[in-house]
Amino acid sequence: MLRNLKSLLAALALLVAPAIAHAEEPTKSYPDCGREPTDAEVAAAKGAFQAGNASFNEADYARALDYWEDAYRRDCTANPLLLNLARAYELAGRKRQAVVALETFVAREPTSGEKDQINRRVEVLKKKIAEEDAAAAAAPPLTTGTNTPPTTTAPLPAEPVQHAKASPWPWVTMGVGVVGVVVGTLGVTGAQKKIDAADAKCPNRKCVDMQSISDGNVARKDLTRSVVITTLGGAAIVGGAIWWFLDKKATDRANANQGTLEHPRLTPLVGPQVAGLSLGGAF
């Protein structure tokens, strides 16, 4: 009878194992920040923050999370830490907690310039969570046969990172401007030579040769046109350079909030009493 009872318990354990394996990961919320941290808490938060950076650089995400959670608990005004926590949670496979951290940041920093990008990141994470839940639900249950190894499902392939790309049009604009400057400069030089030749034939613009007078007038119109072309070309070069600079900043800002940490970057950790550098990545 004891043997039968053990067999029954083993069978029940195998039946409930898939449900336990696919149960939703536990998440926690962040309590409201209703006070200013003390100087001692700020100092401790800085130390925990730096220790978390070191662990993150070593890909020890579990330890980095412990340090950064402790830092944010000590100084709950340092809301940018939530972005660090979200990335570490995502890399540790805890996407639901990453969503909680990102949504908490948006709620506490509603005027952040990164709000729209963070909301899109939340949508991507929620989509991945839904896909993983659907795959887990569709996985075949474990069998109870003797000496039958449990089946496992292959991990979902990583989605390719979509990086924002800079526009080529600023370079096109600058190229057109260079062509305009070159053409205009050559036109100015040629027109000036024709004007000098006409003036040589007609000193003080007094000439009985009508052809020379006509040639001089045409050359002066060409000179004016060439000056205008040169000026527009220069303006195109300057405008294209400004366009390129602004587009590059926008592209870098877009890439800083999506993707992977293939190229780590340091960003300021901003808070009323905490200052430091926050490790982020070219997401």
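When reading the values below, keep in mind they use all heavy atoms of this one structure, side chains included, and skip hydrogens, waters and symmetry mates.
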>> side chain to side chain contact (heavy atoms under 4.5 Å, CB included) for F56 and N84? Distances and angles first, verdict last.
In response: CA-CA 10 Å; F56 189 92; N84 294 56; over 6 Å; no
> Of the non-hydrogen atoms in A236 and G177, which two are nearest, and what is the gap between them?
Replying inline: CB-CA, 3.6 Å
> Is there side-chain contact between R87 and L83, with at least one heavy-atom pair below 4.5 Å?
Replying inline: no
> With the 4.5 Å side-chain cut-off for hydrophobic clustering, are V176 and V228 part of the same group?
Replying inline: no
> For residues E90 and Y61, is any side-chain donor paired with an opposing acceptor at under 3.5 Å?
Replying inline: no
> Rounded to the nearest 0.5 Å, how far apart are CZ of R108 and CG of D32?
Replying inline: 6.0 Å
>> Please check this pair: side chain of N57 against backbone of N53, looking for a donor-acceptor N/O pair closer than 3.5 Å.
In response: yes
> What are the two closest heavy atoms between K194 and A219, and how far apart are they?
Replying inline: CB-CB, 3.6 Å
> Do T77 and C33 pass the side chain to side chain contact (heavy atoms under 4.5 Å, CB included) test, and can you show the C-alpha distance, the side-chain angles, and the key distance before you say yes or no?
Replying inline: CA-CA 7 Å; T77 64; C33 184; 3.9 Å; yes
> So does R120 pair up with D116, basic N to acidic O under 4.0 Å?
Replying inline: no
> Do I129 and V106 sit in the same hydrophobic cluster, where Ile, Leu, Val, Met, Phe, Trp and Tyr count as joined when their side-chain heavy atoms come under 4.5 Å apart?
Replying inline: yes
> Looking at CD1 of I237 and CD1 of I242, how far apart are the two atoms once the value is rounded to the nearest 0.5 Å?
Replying inline: 12.5 Å
> Atom CD of E103 and atom CZ of R121: how far apart are they, to the nearest 0.5 Å?
Replying inline: 12.0 Å
> When rounded to the nearest 0.5 angstrom, what distance separates NZ in K127 from CG in L125?
Replying inline: 12.0 Å
>> Do Y30 and V100 have side chains that approach each other closer than 4.5 Å (heavy atoms only, starting at C-beta)?
In response: yes
>> For residues L65 and L91: do they belong to one hydrophobic cluster (side chain heavy atoms under 4.5 Å, members Ile, Leu, Val, Met, Phe, Trp, Tyr)?
In response: yes
> Applying the salt bridge (charged side-chain N to carboxylate O under 4.0 Å, His left out) test to D133, which of R96, K128, K95 qualifies?
Replying inline: R96
>> Nearest 0.5 Å, please: how far is OG1 in T38 from CZ in R74?
In response: 9.5 Å
> What's the spacing between E69 CD and Q97 CD if we round to 0.5 Å?
Replying inline: 6.5 Å
> Are L81 and F105 close enough, and set up right, to give a side chain to side chain contact (heavy atoms under 4.5 Å, CB included), and what steps lead you there?
Replying inline: CA-CA 9 Å; L81 261 174; F105 175 84; over 6 Å; no
> Do V178 and L186 sit in the same hydrophobic cluster, where Ile, Leu, Val, Met, Phe, Trp and Tyr count as joined when their side-chain heavy atoms come under 4.5 Å apart?
Replying inline: yes
> Among the clusters formed by ILVMFWY side chains lying less than 4.5 Å apart, do L85 and Y67 turn up in the same one?
Replying inline: no
> Shortest non-hydrogen contact from S226 to G184?
Replying inline: CB-O, 3.4 Å
> W244 pairs by side-chain contact (heavy atoms from CB on, under 4.5 Å) with which of P168, S167, P170?
Replying inline: P170
>> Under a plain distance cut-off of 3.5 Å, with no hydrogens placed, do D196 and Q192 share a side-chain donor-acceptor pair?
In response: yes
>> Taking E58 first and then R63, would you say they form a salt bridge - that is, a charged N and a carboxylate O separated by under 4.0 Å?
In response: no
> Where is the tightest heavy-atom contact between F49 and W68, given as atom of each residue plus distance?
Replying inline: O-NE1, 3.2 Å
> What are the two closest heavy atoms between G52 and A64, and how far apart are they?
Replying inline: O-CB, 3.5 Å
> Of all heavy-atom pairs between V181 and G233, which one has the smallest distance, and what is that distance?
Replying inline: CG2-C, 3.6 Å
